[in-house]
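One structure below.
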Amino acid sequence: MSYYCTDFSATEDWTSGTNSIKYNLSASSNNLFTFGFSSCCWIPLVEGSSNWRMRTTANLTVRQDTGKINSSPVSAMQPVVRFSYGCDHTLKIPVSDDDGDVVKCRWSKRTPNDECGGVCETLSGSYLDQSSCVLTYNATQSTGWYAVALQIEDFQKTTDTVPFSSVSLQFLIFVANLSESCASRPFLPQNIITDGSILHSSANKIFNESIIARSGAATLRVTAIDTVSPIGMIKSALFPFGTSGREWFVTVTWTPMKSQIGTHLFCYTAVDNLGQTSDQTCATLVVDEEPNDTVVLNQDCNAFKTPEKVHTKCIEATTGVPKIFYLATSCSSYFVQCNELGTGRIVRCAPGTEWCNHVLTCVHSGSCATEGWVFFF
């Protein structure tokens, strides 16, 4: 169960991360794979015991509609969610599925196969909308720690009753009795990375974006912006933003590798000095393969690695609609200028600048990162 740490909270003393392992099934396998994990925890729960169990099931049969093995759904939840006593809370569970399947959420069950040990349905009074994966809770029971044990499942159609896979998701909710009103929670102004947005880019391209959070009252301050990140994403320290005295920001930077081609969930939450948290914002980061019109240069960036392909790329670009006379290269500070005869020459951007293919010009280094992502809302 070891993993690469991607996020942590020194205040709350937790870390989270991700990892992958390879497992060879036996020849007698029926193409159904179930993985179980049991553990215990020191946290005193209001309901249930500190005995944990997680069970995940995957169907490894090749699908007729996609021609490949099913991709199970994924989620990216904060390890600890904080609620204020006496307030109504709505928590959206972030889910994503590479196959575009219908994803639903349900409570983990103890029978017929134990999926959750001593933390099955231990948030009494809550309601889970299985189709939208939204959990609502009126925090009027008791203060303290609660465990939430869910199964995330993918279906080919909404009406299907047997899922392709069932993935365990468990996290903790802490209900605290605070003196502030329910409206005093921190919130997230309109950031570039909005909830539900889909951001596209290519491998080896730099992404750099700021996340701003605002305190819910003038007497409060934001003390952290917690994230759930893909491997390799770097988060800066927290800094004041603007002159209001109520806004703070962090900057996240990520250069996805070719091995990370695919979809990744990225989520963030603001925390104030009372431990109150904002709603969680989640976006899907899609890392695409390197565009076909990218020209690969040698290590010194002064010659084409495959000269015979440059003529074809230039002809396709200059005869297309619209006509394009510039191509990106594998070196960030260089581009190729084409003519209608199919001849291309390598051109270097001015010092301190880099080629930005989305605006077809050289821009200040690092400023193309936001433009390099395509946003869908």
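Computed over heavy atoms, backbone and side chain alike; hydrogens, waters and symmetry mates excluded.
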- request: Give a yes or no answer on whether the side chain of Asp300 reaches the backbone of Asn302 with a donor-acceptor pair at less than 3.5 Å.
  value: no

- prompt: For Glu308, does the CD atom sit with more than 12 other heavy atoms under 6.0 Å from it, leaving out its own atoms?
  reply: yes

- request: Compute both the distance and the angle, then confirm whether Lys309 meets the cation-pi test with Phe304: under 6.0 Å from the six-membered ring centre, within 45 degrees of the axis.
  value: no

- request: Take the angle between the ring planes of Trp254 and His264 and call it parallel below 30°, perpendicular above 60°, tilted in between.
  value: perpendicular

- request: Start with the C-alpha distance between Gln276 and Arg185, add both sets of side-chain angles, then the distance that settles side chain to side chain donor-acceptor pair (under 3.5 Å), and finish with yes or no.
  value: CA-CA 6 Å; Gln276 299 182 110; Arg185 299 168 58 207; over 6 Å; no

- line: From the list Asp98, Thr284, Asp97, side-chain hydrogen bond (donor to acceptor under 3.5 Å, both in side chains) partner of Thr263 resolves to Asp98

field: Gly342 backbone acceptor or donor facing His311 side chain under 3.5 Å
entry: yes

- request: Please step through side chain to side chain donor-acceptor pair (under 3.5 Å) for the pair Ser210 and Thr251, ending with a clear verdict.
  value: CA-CA 4 Å; Ser210 295; Thr251 299; 3.2 Å; yes

field: Stepwise side-chain contact (heavy atoms from CB on, under 4.5 Å) check, Thr361 with Cys356
entry: CA-CA 6 Å; Thr361 189; Cys356 188; 5.5 Å; no

query: Where is the tightest heavy-atom contact between Ala217 and Arg246, given as atom of each residue plus distance?
result: N-NH2, 3.4 Å

message: Please determine whether a side-chain nitrogen of the Lys or Arg among Glu247 and Arg214 lies less than 4.0 Å from a carboxylate oxygen of the Asp or Glu.
response: yes

query: Do Cys133 and Cys105 have their SG atoms under 2.5 angstrom apart?
result: yes

query: If you round to the nearest 0.5 Å, how far is SG of Cys338 from CG of Leu327?
result: 4.0 Å

- prompt: Same hydrophobic cluster for Tyr146 and Val80, using side-chain heavy-atom links shorter than 4.5 Å among ILVMFWY?
  reply: no

- prompt: About how many Å separate OG1 of Thr281 and CG of Leu188, when rounded to the nearest 0.5 Å?
  reply: 4.5 Å

message: Looking at Glu354, is its backbone amide N or carbonyl O close enough to the side chain of Ser332 to form a donor-acceptor pair, meaning the two atoms are under 3.5 Å apart?
response: no

task: Go through the steps to decide whether Leu178 and Tyr85 satisfy the test side-chain contact (heavy atoms from CB on, under 4.5 Å), and finish with yes or no.
output: CA-CA 7 Å; Leu178 304 175; Tyr85 182 79; over 6 Å; no

query: Any sub-3.5 Å donor-acceptor pair from Asn357's side-chain atoms to Leu360's backbone N or O?
result: no

- prompt: Is any side-chain heavy atom of Arg53 less than 4.5 Å from a side-chain heavy atom of Ser168?
  reply: no

- prompt: Linking I/L/V/M/F/W/Y whenever any side-chain heavy atoms sit under 4.5 Å apart, do Phe249 and Ile211 land together?
  reply: no

query: salt bridge (Lys or Arg N to Asp or Glu O under 4.0 Å) with Glu115: which of Arg106, Arg110, Lys109?
result: Arg106

Heavy-atom closest pair, residues Lys157 and Val102: C-CG2, 4.1 Å

query: Should Ile261 and Met233 be counted in the same cluster of Ile, Leu, Val, Met, Phe, Trp and Tyr side chains packed under 4.5 Å apart?
result: yes

message: Quick check: do Leu135 and Trp107 have side-chain heavy atoms less than 4.5 Å from each other?
response: yes

- prompt: Are the side chains of Ile346 and Thr329 in touch, meaning some heavy atoms are under 4.5 Å apart?
  reply: no

- prompt: Does Gln260 use its side chain to pair, donor to acceptor, with the backbone of Ile231 at less than 3.5 Å?
  reply: yes

- request: Nearest 0.5 Å please: distance from the CG atom of Asn138 over to the CZ atom of Phe83.
  value: 11.0 Å

query: Would a distance-only check, ignoring hydrogens and angles, find a side-chain to backbone donor-acceptor pair under 3.5 Å from Thr57 to Ser165?
result: no

field: Considering all heavy atoms, the nearest Ser49-Val119 contact
entry: O-CG1, 3.6 Å

message: Are Trp248 and Phe241, when compared by the centres of their aromatic rings, separated by less than 6.0 Å?
response: no

field: Chi angles and distances behind the side-chain contact (heavy atoms from CB on, under 4.5 Å) call for Arg63, Phe164
entry: CA-CA 10 Å; Arg63 294 175 52 164; Phe164 287 119; 3.6 Å; yes

Flag if over 12 foreign heavy atoms under 6.0 Å of CZ, Phe171: yes

task: Without swapping roles, check the side chain of Tyr268 against the backbone of Ile193 for a donor-acceptor pair under 3.5 Å.
output: yes

query: So which heavy atom on Ser166 is nearest to which on Glu153, and how close?
result: OG-OE2, 2.9 Å

query: In Å, rounded to the nearest 0.5 Å, how long is the span from CE of Met54 to CG of Asp114?
result: 12.5 Å

- request: Name the orientation class of the two ring planes belonging to Trp355 and Tyr326 (parallel below 30°, tilted from 30 to 60°, perpendicular beyond 60°).
  value: tilted

- prompt: So which heavy atom on Ser75 is nearest to which on Leu169, and how close?
  reply: OG-CD2, 3.6 Å

message: Any non-hydrogen side-chain atom of Asp99 less than 4.5 Å from a side-chain atom of Lys68?
response: yes

Rounded distance (nearest 0.5 Å) linking atom OG of Ser197 with atom CG of Leu285: 8.0 Å

- request: Please report the C-alpha distance between Cys331 and Cys301 in whole Å, then the side-chain angles of each, then the deciding distance to 0.1 Å, and finally whether the disulfide bond (SG atoms under 2.5 Å apart) criterion is met.
  value: CA-CA 6 Å; Cys331 298; Cys301 302; 2.0 Å; yes

message: Less than 4.5 Å apart, side chain to side chain, heavy atoms only: is that true for Val148 and Met77?
response: no

- prompt: Per the side-chain hydrogen bond (donor to acceptor under 3.5 Å, both in side chains) rule, which among Asp65, Asn59, Asp154 passes with Asn70?
  reply: Asp154

query: Do Val252 and Val287 share a hydrophobic cluster (ILVMFWY, side-chain heavy atoms under 4.5 Å, transitive)?
result: yes

task: Determine which pairs satisfy side chain to side chain donor-acceptor pair (under 3.5 Å) with at least one residue from residues 221-237, sequence neighbours left out, and list them in order.
output: Asp7-Thr227, Asp7-Ser229, Thr227-Ser229

field: Ile225-Phe207 co-clustered via ILVMFWY side chain contacts under 4.5 Å
entry: yes

task: Please confirm whether the backbone N or O of Leu341 pairs with a side-chain atom of Asn339, one donor and one acceptor, at under 3.5 Å?
output: yes

task: Apply side-chain contact (heavy atoms from CB on, under 4.5 Å) to Arg82 and Glu12, showing your working.
output: CA-CA 11 Å; Arg82 294 188 175 269; Glu12 294 185 322; 2.3 Å; yes

Exam field: side chain Thr319 to backbone Ile315, donor-acceptor pair closer than 3.5 Å: yes

field: Non-hydrogen atoms of Phe335 and Cys349 that approach each other most closely
entry: CD2-SG, 4.0 Å

statement: So CD of Gln78 and CH2 of Trp14: to nearest 0.5 Å the spacing works out to 5.0 Å

query: Is the backbone N or O of Gly117 less than 3.5 Å from a side-chain atom of Asn51, with the two atoms forming a donor-acceptor pair by type?
result: no

Beyond-backbone contact of Asp101 with Pro73, side-chain heavy atoms, under 4.5 angstrom: no

field: Test item: Thr353 and Ser333 side chains (from C-beta on) under 4.5 Å apart, heavy atoms
entry: no

